[in-house]
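For reference, the structure discussed in these notes is given below.
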Amino acid sequence: MILEGKNVVLGVTGGIACYKAVDLCSKLVQAGATVDVMMTEAATRFVTPLPFQTITKRPVALDMFQLLGEVDMAHISLSARADVMVIAPATANTIAKIVYGLADNQVTSTVLASTAPLVVAPAMDADMWASPITQGNVETLRRRGATIVGPGSGRLASGRIGAGRLASTEELMAAIRQTLGRRGALAGRRVTVTAGGTQEPLDPVRRLTNRSSGRMGYALAEAARDAGACVRLIHAPTALPPVYGVEMTPVTTAQDMLEAVLAALPETDALLMAAAVADYRPAQAAEQKIKKGAGDEGLTLALERTADVLATVAQEPDGRRPAAVVGFAAETEDLLANAQAKLRAKRLDLMVANDVSAPDSGFEVETNRVVLLTPDGAEEALPLLSKSAVAERIVARVAAILEEKARG
Ligand code: CTP
(Lines give C-alpha, C1' and ligand atoms only; values in the text may rest on other atoms or scores of the structure.)
Protein backbone atom coordinates (compact mmCIF):
# COMPACT_ATOMS: atom_id res chain seq x y z
CA MET A 1 0.00 0.00 0.00
CA ILE A 2 2.94 2.32 0.56
CA LEU A 3 3.08 3.32 -3.12
CA GLU A 4 -0.64 4.10 -3.29
CA GLY A 5 -1.11 7.76 -4.21
CA LYS A 6 2.63 8.51 -4.12
CA ASN A 7 4.34 10.64 -6.77
CA VAL A 8 7.28 8.82 -8.27
CA VAL A 9 9.53 10.65 -10.70
CA LEU A 10 11.39 8.10 -12.81
CA GLY A 11 14.48 9.27 -14.67
CA VAL A 12 15.56 6.98 -17.49
CA THR A 13 19.09 7.46 -18.79
CA GLY A 14 20.74 5.95 -21.83
CA GLY A 15 21.77 2.33 -21.59
CA ILE A 16 20.64 -0.98 -22.96
CA ALA A 17 18.72 -1.65 -19.71
CA CYS A 18 16.27 1.15 -20.64
CA TYR A 19 13.76 -1.41 -21.84
CA LYS A 20 13.57 -2.83 -18.32
CA ALA A 21 12.52 0.59 -17.02
CA VAL A 22 9.24 0.08 -18.89
CA ASP A 23 8.47 -2.91 -16.66
CA LEU A 24 9.42 -0.95 -13.53
CA CYS A 25 7.18 1.90 -14.66
CA SER A 26 4.29 -0.51 -15.17
CA LYS A 27 4.73 -2.13 -11.73
CA LEU A 28 4.83 1.30 -10.07
CA VAL A 29 1.58 2.30 -11.77
CA GLN A 30 -0.01 -1.05 -10.81
CA ALA A 31 1.00 -0.40 -7.19
CA GLY A 32 -1.04 2.83 -7.26
CA ALA A 33 1.72 5.41 -7.78
CA THR A 34 1.47 8.41 -10.06
CA VAL A 35 4.57 8.13 -12.21
CA ASP A 36 6.20 10.96 -14.15
CA VAL A 37 8.88 9.77 -16.50
CA MET A 38 11.75 11.89 -17.73
CA MET A 39 14.27 10.67 -20.25
CA THR A 40 17.66 11.81 -21.45
CA GLU A 41 18.25 12.15 -25.15
CA ALA A 42 20.45 9.04 -25.05
CA ALA A 43 17.67 7.02 -23.39
CA THR A 44 15.32 7.82 -26.27
CA ARG A 45 17.78 6.06 -28.59
CA PHE A 46 17.09 2.80 -26.75
CA VAL A 47 13.32 3.10 -26.17
CA THR A 48 10.87 5.74 -27.27
CA PRO A 49 8.77 7.73 -24.80
CA LEU A 50 5.64 6.02 -26.15
CA PRO A 51 5.50 2.98 -23.83
CA PHE A 52 6.08 5.16 -20.78
CA GLN A 53 3.43 7.65 -21.86
CA THR A 54 0.99 4.82 -22.58
CA ILE A 55 1.53 3.21 -19.18
CA THR A 56 1.53 6.39 -17.08
CA LYS A 57 -1.04 8.29 -19.18
CA ARG A 58 1.12 11.34 -18.58
CA PRO A 59 3.51 13.28 -20.79
CA VAL A 60 7.15 12.19 -20.70
CA ALA A 61 9.56 15.01 -19.92
CA LEU A 62 12.32 15.07 -22.49
CA ASP A 63 13.49 18.60 -22.85
CA MET A 64 14.53 20.97 -20.09
CA PHE A 65 12.73 23.80 -21.76
CA GLN A 66 9.52 21.82 -22.17
CA LEU A 67 6.44 23.06 -20.31
CA LEU A 68 4.43 20.35 -18.52
CA GLY A 69 0.93 21.79 -18.27
CA GLU A 70 0.38 25.49 -18.97
CA VAL A 71 3.45 27.15 -17.54
CA ASP A 72 5.23 24.53 -15.43
CA MET A 73 8.87 24.10 -16.28
CA ALA A 74 9.20 20.34 -16.10
CA HIS A 75 12.38 20.17 -14.03
CA ILE A 76 10.96 22.51 -11.40
CA SER A 77 7.46 21.06 -11.20
CA LEU A 78 8.69 17.44 -11.17
CA SER A 79 11.32 18.05 -8.54
CA ALA A 80 8.75 19.69 -6.27
CA ARG A 81 6.14 17.02 -6.80
CA ALA A 82 8.30 13.93 -6.20
CA ASP A 83 7.82 11.85 -3.07
CA VAL A 84 10.72 9.82 -4.35
CA MET A 85 13.01 10.20 -7.34
CA VAL A 86 14.28 7.09 -9.09
CA ILE A 87 17.04 6.97 -11.70
CA ALA A 88 16.83 3.59 -13.47
CA PRO A 89 18.92 2.76 -15.33
CA ALA A 90 21.55 5.24 -14.14
CA THR A 91 24.56 5.46 -16.44
CA ALA A 92 28.08 6.21 -15.19
CA ASN A 93 27.78 9.55 -16.98
CA THR A 94 24.53 10.56 -15.24
CA ILE A 95 25.85 9.42 -11.84
CA ALA A 96 28.94 11.59 -12.31
CA LYS A 97 26.81 14.58 -13.33
CA ILE A 98 24.55 14.19 -10.30
CA VAL A 99 27.58 14.04 -8.00
CA TYR A 100 29.00 17.26 -9.41
CA GLY A 101 25.67 19.07 -9.65
CA LEU A 102 25.60 19.39 -13.43
CA ALA A 103 22.18 20.32 -14.75
CA ASP A 104 22.49 19.92 -18.48
CA ASN A 105 19.38 17.89 -19.21
CA GLN A 106 15.91 17.16 -17.88
CA VAL A 107 17.03 14.35 -15.58
CA THR A 108 20.10 15.96 -14.03
CA SER A 109 18.46 19.35 -13.55
CA THR A 110 15.41 17.78 -11.88
CA VAL A 111 17.62 15.79 -9.49
CA LEU A 112 19.63 18.91 -8.67
CA ALA A 113 16.50 20.90 -7.89
CA SER A 114 14.88 18.22 -5.72
CA THR A 115 15.03 17.43 -2.03
CA ALA A 116 13.08 14.17 -2.49
CA PRO A 117 14.78 10.92 -1.46
CA LEU A 118 16.79 9.52 -4.33
CA VAL A 119 17.04 5.91 -5.54
CA VAL A 120 19.81 5.25 -8.05
CA ALA A 121 20.03 1.98 -9.99
CA PRO A 122 23.37 1.87 -11.83
CA ALA A 123 23.62 -0.16 -15.03
CA MET A 124 26.69 -0.15 -17.23
CA ASP A 125 29.49 -2.34 -18.51
CA ALA A 126 31.67 -4.02 -15.89
CA ASP A 127 34.76 -1.87 -16.49
CA MET A 128 32.84 1.39 -16.13
CA TRP A 129 31.29 0.09 -12.92
CA ALA A 130 34.64 -1.12 -11.55
CA SER A 131 36.32 2.21 -12.33
CA PRO A 132 37.48 3.96 -9.14
CA ILE A 133 35.85 7.12 -10.49
CA THR A 134 32.39 5.50 -10.66
CA GLN A 135 32.92 3.72 -7.35
CA GLY A 136 33.89 7.03 -5.72
CA ASN A 137 30.89 8.79 -7.22
CA VAL A 138 28.49 6.09 -6.05
CA GLU A 139 30.01 6.25 -2.58
CA THR A 140 29.46 10.01 -2.55
CA LEU A 141 25.79 9.54 -3.47
CA ARG A 142 25.39 6.91 -0.77
CA ARG A 143 26.98 9.22 1.80
CA ARG A 144 24.53 11.92 0.82
CA GLY A 145 21.65 9.59 1.61
CA ALA A 146 20.81 8.12 -1.79
CA THR A 147 19.71 4.49 -1.96
CA ILE A 148 21.95 2.64 -4.40
CA VAL A 149 20.30 -0.52 -5.69
CA GLY A 150 22.35 -3.04 -7.63
CA PRO A 151 23.93 -3.47 -10.01
CA GLY A 152 23.58 -7.22 -10.26
CA SER A 153 26.11 -9.57 -11.78
CA GLY A 154 25.64 -11.78 -14.78
CA ARG A 155 25.77 -11.58 -18.54
CA LEU A 156 26.18 -8.01 -19.76
CA ALA A 157 25.16 -6.60 -23.13
CA SER A 158 28.80 -6.76 -24.22
CA GLY A 159 28.67 -10.54 -23.76
CA ARG A 160 30.98 -10.41 -20.76
CA ILE A 161 30.07 -11.78 -17.38
CA GLY A 162 30.41 -9.28 -14.58
CA ALA A 163 28.79 -6.63 -12.39
CA GLY A 164 26.74 -3.98 -14.14
CA ARG A 165 23.27 -5.39 -14.75
CA LEU A 166 20.32 -3.28 -13.73
CA ALA A 167 18.78 -4.63 -10.50
CA SER A 168 15.63 -6.70 -11.01
CA THR A 169 12.23 -5.01 -11.03
CA GLU A 170 11.43 -6.74 -7.70
CA GLU A 171 14.58 -5.31 -6.10
CA LEU A 172 13.92 -1.87 -7.53
CA MET A 173 10.35 -1.90 -6.23
CA ALA A 174 11.57 -3.02 -2.79
CA ALA A 175 14.23 -0.30 -2.70
CA ILE A 176 11.67 2.34 -3.67
CA ARG A 177 9.23 1.14 -1.02
CA GLN A 178 11.94 1.03 1.63
CA THR A 179 13.10 4.54 0.70
CA LEU A 180 9.54 5.91 0.84
CA GLY A 181 9.06 4.30 4.26
CA ARG A 182 12.24 5.64 5.83
CA ARG A 183 10.35 7.97 8.15
CA GLY A 184 7.50 5.50 8.74
CA ALA A 185 5.89 4.38 11.98
CA LEU A 186 8.81 2.04 12.82
CA ALA A 187 11.65 4.44 11.91
CA GLY A 188 14.60 3.84 14.20
CA ARG A 189 13.13 0.58 15.57
CA ARG A 190 14.80 -2.81 15.33
CA VAL A 191 12.47 -5.63 14.45
CA THR A 192 13.23 -9.35 14.47
CA VAL A 193 10.87 -11.57 12.50
CA THR A 194 10.93 -15.37 12.35
CA ALA A 195 9.46 -17.34 9.46
CA GLY A 196 9.03 -20.78 7.97
CA GLY A 197 8.77 -24.27 9.35
CA THR A 198 11.81 -25.58 11.20
CA GLN A 199 13.23 -28.93 10.07
CA GLU A 200 14.32 -31.64 12.50
CA PRO A 201 16.68 -34.28 11.09
CA LEU A 202 15.68 -37.91 11.41
CA ASP A 203 18.61 -39.33 9.47
CA PRO A 204 20.92 -37.91 6.76
CA VAL A 205 18.14 -37.99 4.12
CA ARG A 206 14.93 -37.39 6.10
CA ARG A 207 13.55 -34.69 8.35
CA LEU A 208 10.38 -33.78 10.24
CA THR A 209 8.84 -30.49 9.25
CA ASN A 210 5.46 -28.81 8.72
CA ARG A 211 3.45 -27.05 6.02
CA SER A 212 4.52 -23.48 6.78
CA SER A 213 5.62 -21.73 3.57
CA GLY A 214 7.16 -18.75 5.38
CA ARG A 215 4.99 -16.28 3.43
CA MET A 216 3.44 -14.58 6.44
CA GLY A 217 6.81 -14.00 8.09
CA TYR A 218 8.38 -12.73 4.86
CA ALA A 219 5.43 -10.35 4.36
CA LEU A 220 5.93 -9.09 7.93
CA ALA A 221 9.63 -8.47 7.28
CA GLU A 222 8.75 -6.45 4.17
CA ALA A 223 6.04 -4.48 5.93
CA ALA A 224 8.33 -3.68 8.88
CA ARG A 225 11.08 -2.61 6.45
CA ASP A 226 8.61 -0.40 4.57
CA ALA A 227 7.61 1.20 7.87
CA GLY A 228 11.21 2.30 8.38
CA ALA A 229 12.44 -0.48 10.71
CA CYS A 230 15.83 -2.13 10.65
CA VAL A 231 14.77 -5.75 10.16
CA ARG A 232 16.34 -9.14 10.78
CA LEU A 233 14.54 -12.16 9.35
CA ILE A 234 15.44 -15.45 11.04
CA HIS A 235 14.07 -18.04 8.67
CA ALA A 236 13.83 -21.79 8.42
CA PRO A 237 14.36 -23.16 4.88
CA THR A 238 11.73 -21.75 2.47
CA ALA A 239 11.30 -21.54 -1.29
CA LEU A 240 11.02 -17.73 -1.12
CA PRO A 241 13.60 -15.26 -2.46
CA PRO A 242 15.53 -13.22 0.14
CA VAL A 243 13.82 -10.02 1.27
CA TYR A 244 15.59 -6.93 -0.06
CA GLY A 245 16.97 -4.58 2.57
CA VAL A 246 16.57 -7.08 5.39
CA GLU A 247 19.28 -8.96 7.30
CA MET A 248 18.60 -12.61 6.50
CA THR A 249 19.58 -15.24 9.10
CA PRO A 250 19.02 -18.79 7.86
CA VAL A 251 18.42 -21.55 10.41
CA THR A 252 17.22 -25.14 10.20
CA THR A 253 16.11 -26.62 13.52
CA ALA A 254 14.06 -25.32 16.43
CA GLN A 255 17.27 -25.23 18.49
CA ASP A 256 19.01 -23.09 15.82
CA MET A 257 16.02 -20.76 15.82
CA LEU A 258 16.08 -20.44 19.60
CA GLU A 259 19.78 -19.59 19.54
CA ALA A 260 19.40 -17.08 16.71
CA VAL A 261 16.47 -15.34 18.43
CA LEU A 262 18.30 -15.17 21.79
CA ALA A 263 21.38 -13.76 20.05
CA ALA A 264 19.24 -11.09 18.37
CA LEU A 265 17.43 -10.01 21.56
CA PRO A 266 19.89 -7.26 22.60
CA GLU A 267 19.18 -5.58 19.25
CA THR A 268 15.44 -6.17 19.11
CA ASP A 269 12.67 -3.73 20.00
CA ALA A 270 9.94 -5.96 18.58
CA LEU A 271 9.93 -9.72 18.05
CA LEU A 272 7.40 -11.12 15.57
CA MET A 273 7.39 -14.87 15.94
CA ALA A 274 5.66 -16.06 12.76
CA ALA A 275 7.75 -19.22 12.39
CA ALA A 276 6.16 -22.62 12.79
CA VAL A 277 8.64 -24.05 15.26
CA ALA A 278 8.67 -27.82 15.72
CA ASP A 279 7.41 -28.84 19.16
CA TYR A 280 9.11 -32.25 18.91
CA ARG A 281 12.24 -33.59 17.27
CA PRO A 282 13.50 -37.15 16.83
CA ALA A 283 15.10 -38.13 20.13
CA GLN A 284 18.06 -39.33 18.12
CA ALA A 285 18.99 -38.35 14.58
CA ALA A 286 20.40 -41.54 13.03
CA GLU A 287 23.91 -41.11 11.68
CA GLN A 288 23.24 -43.38 8.72
CA LYS A 289 20.13 -43.67 6.58
CA ILE A 290 17.46 -45.74 8.37
CA LYS A 291 16.99 -48.83 6.21
CA LYS A 292 13.69 -50.48 5.43
CA GLY A 293 14.79 -53.59 7.35
CA ALA A 294 14.91 -51.53 10.55
CA GLY A 295 11.22 -52.02 11.15
CA ASP A 296 9.54 -54.83 9.28
CA GLU A 297 6.67 -54.61 11.76
CA GLY A 298 6.44 -50.83 11.25
CA LEU A 299 8.70 -48.21 12.76
CA THR A 300 8.05 -46.19 15.91
CA LEU A 301 9.92 -42.92 16.21
CA ALA A 302 10.85 -41.64 19.62
CA LEU A 303 10.38 -37.86 19.79
CA GLU A 304 11.50 -35.38 22.41
CA ARG A 305 10.34 -31.83 23.15
CA THR A 306 12.15 -28.85 21.68
CA ALA A 307 12.53 -25.59 23.55
CA ASP A 308 9.65 -23.13 23.13
CA VAL A 309 11.23 -19.96 21.78
CA LEU A 310 8.50 -17.56 22.92
CA ALA A 311 8.22 -19.18 26.34
CA THR A 312 12.00 -18.81 26.74
CA VAL A 313 11.83 -15.13 25.69
CA ALA A 314 8.96 -14.61 28.16
CA GLN A 315 11.28 -15.66 30.99
CA GLU A 316 13.99 -13.19 30.02
CA PRO A 317 14.49 -10.27 32.45
CA ASP A 318 12.69 -7.05 31.55
CA GLY A 319 15.63 -5.19 29.98
CA ARG A 320 16.35 -8.09 27.63
CA ARG A 321 12.79 -8.91 26.66
CA PRO A 322 11.78 -6.92 23.57
CA ALA A 323 9.30 -4.10 24.21
CA ALA A 324 6.81 -5.76 21.88
CA VAL A 325 6.47 -9.52 21.49
CA VAL A 326 4.01 -10.89 18.95
CA GLY A 327 2.98 -14.54 18.69
CA PHE A 328 0.99 -16.44 16.10
CA ALA A 329 -1.46 -19.19 16.92
CA ALA A 330 -2.27 -21.60 14.14
CA GLU A 331 -5.32 -23.53 15.27
CA THR A 332 -7.76 -25.99 13.78
CA GLU A 333 -10.33 -25.77 16.62
CA ASP A 334 -11.30 -23.43 19.50
CA LEU A 335 -9.33 -20.64 17.84
CA LEU A 336 -9.92 -17.81 20.27
CA ALA A 337 -9.76 -19.80 23.52
CA ASN A 338 -6.51 -21.49 22.48
CA ALA A 339 -5.01 -18.21 21.27
CA GLN A 340 -5.96 -16.38 24.50
CA ALA A 341 -4.33 -19.12 26.58
CA LYS A 342 -1.09 -18.88 24.56
CA LEU A 343 -1.13 -15.07 24.77
CA ARG A 344 -1.16 -15.28 28.57
CA ALA A 345 1.23 -18.23 28.90
CA LYS A 346 3.84 -16.62 26.62
CA ARG A 347 3.37 -13.05 27.99
CA LEU A 348 2.64 -11.63 24.56
CA ASP A 349 1.72 -8.07 23.69
CA LEU A 350 -0.20 -9.20 20.63
CA MET A 351 -1.43 -12.58 19.42
CA VAL A 352 -2.34 -13.21 15.82
CA ALA A 353 -4.86 -16.05 15.78
CA ASN A 354 -5.27 -17.92 12.57
CA ASP A 355 -7.75 -20.68 11.72
CA VAL A 356 -5.64 -22.87 9.48
CA SER A 357 -8.45 -25.29 8.70
CA ALA A 358 -10.05 -22.83 6.23
CA PRO A 359 -8.89 -23.32 2.61
CA ASP A 360 -8.31 -19.57 2.02
CA SER A 361 -6.40 -18.92 5.23
CA GLY A 362 -3.19 -20.27 6.71
CA PHE A 363 -0.70 -22.53 5.02
CA GLU A 364 0.53 -22.29 1.44
CA VAL A 365 -1.99 -19.64 0.31
CA GLU A 366 -1.58 -15.92 -0.39
CA THR A 367 -4.44 -14.84 1.87
CA ASN A 368 -5.10 -14.95 5.58
CA ARG A 369 -8.01 -14.36 7.92
CA VAL A 370 -6.81 -13.53 11.42
CA VAL A 371 -8.03 -12.19 14.75
CA LEU A 372 -5.75 -9.88 16.72
CA LEU A 373 -5.85 -10.41 20.48
CA THR A 374 -4.31 -8.22 23.18
CA PRO A 375 -3.68 -8.81 26.91
CA ASP A 376 -6.62 -6.53 27.83
CA GLY A 377 -8.94 -9.11 26.25
CA ALA A 378 -9.74 -7.04 23.15
CA GLU A 379 -10.27 -8.91 19.87
CA GLU A 380 -10.09 -7.43 16.38
CA ALA A 381 -11.22 -9.76 13.59
CA LEU A 382 -9.67 -8.72 10.27
CA PRO A 383 -11.44 -9.62 7.02
CA LEU A 384 -9.89 -12.02 4.50
CA LEU A 385 -6.84 -10.11 3.28
CA SER A 386 -3.64 -10.75 1.36
CA LYS A 387 -0.77 -11.75 3.63
CA SER A 388 0.92 -8.39 2.86
CA ALA A 389 -2.19 -6.49 3.94
CA VAL A 390 -2.39 -8.56 7.14
CA ALA A 391 1.32 -7.82 7.69
CA GLU A 392 0.72 -4.06 7.33
CA ARG A 393 -2.05 -4.18 9.93
CA ILE A 394 0.14 -6.14 12.36
CA VAL A 395 3.05 -3.76 11.83
CA ALA A 396 0.77 -0.78 12.55
CA ARG A 397 -0.28 -2.43 15.82
CA VAL A 398 3.36 -3.13 16.72
CA ALA A 399 4.26 0.52 16.10
CA ALA A 400 1.39 1.58 18.39
CA ILE A 401 2.51 -0.84 21.13
CA LEU A 402 6.10 0.44 20.97
CA GLU A 403 4.94 4.02 21.10
CA GLU A 404 2.68 3.34 24.06
CA LYS A 405 5.46 1.57 25.95
CA ALA A 406 7.91 4.39 25.19
CA ARG A 407 5.40 6.85 26.67
CA GLY A 408 5.34 4.58 29.72
N1 CTP B 1 6.50 -21.18 19.20
C2 CTP B 1 7.77 -21.06 19.71
N3 CTP B 1 8.49 -22.18 19.97
C4 CTP B 1 7.96 -23.41 19.80
C5 CTP B 1 6.64 -23.53 19.32
C6 CTP B 1 5.93 -22.40 19.04
O7 CTP B 1 8.25 -19.95 19.88
N8 CTP B 1 8.70 -24.49 20.07
C9 CTP B 1 5.74 -19.94 18.93
C10 CTP B 1 5.27 -19.86 17.49
O11 CTP B 1 6.21 -19.21 16.68
C12 CTP B 1 4.00 -19.03 17.61
C13 CTP B 1 3.49 -19.36 19.01
O14 CTP B 1 4.58 -19.92 19.70
O15 CTP B 1 4.25 -17.63 17.56
C16 CTP B 1 2.37 -20.34 19.01
O17 CTP B 1 2.70 -21.48 18.27
P18 CTP B 1 1.73 -22.73 18.15
O19 CTP B 1 2.41 -23.82 17.41
O20 CTP B 1 0.39 -22.26 17.68
O21 CTP B 1 1.54 -23.08 19.67
P22 CTP B 1 2.24 -24.05 20.66
O23 CTP B 1 2.61 -23.22 21.86
O24 CTP B 1 3.33 -24.84 20.02
O25 CTP B 1 1.02 -24.98 21.10
P26 CTP B 1 0.29 -26.20 20.30
O27 CTP B 1 1.31 -26.71 19.31
O28 CTP B 1 0.00 -27.15 21.39
O29 CTP B 1 -0.92 -25.62 19.67
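Whatever order the structure lists ligands and atoms in, that order sets their numbers, starting from 1. Along the sequence shown, residues carry numbers from 1.
Side chains of E139 and Q135: no donor on one and acceptor on the other come within 3.5 Å.
Ordered by chain and residue number, the residues placing a heavy atom less than 4.0 Å from ligand 1 are M273, A275, V277, A278, D279, T306, A307, D308, V309, L310, G327, F328, A329, A330, K342, K346.
Partners of T179 according to the side-chain hydrogen bond (donor to acceptor under 3.5 Å, both in side chains) rule, which considers only residues two or more places apart in sequence or in another chain, are T147.
We find the CG-OG1 distance between L271 and T192 to be 6.5 Å, quoted to the nearest 0.5 Å.
Each side-chain hydrogen bond (donor to acceptor under 3.5 Å, both in side chains) pair with one or both residues in residues 270-290, not counting sequence neighbours, appears once here: R281-E304. The side-chain hydrogen bond (donor to acceptor under 3.5 Å, both in side chains) pairs that include a residue from residues 109-118 are Q106-T110, where partners are two or more places apart or lie in different chains.
The neighbour count for M1 CE, taken as heavy atoms of other residues, nucleotides or ligands under 6.0 Å away, does not exceed 12.
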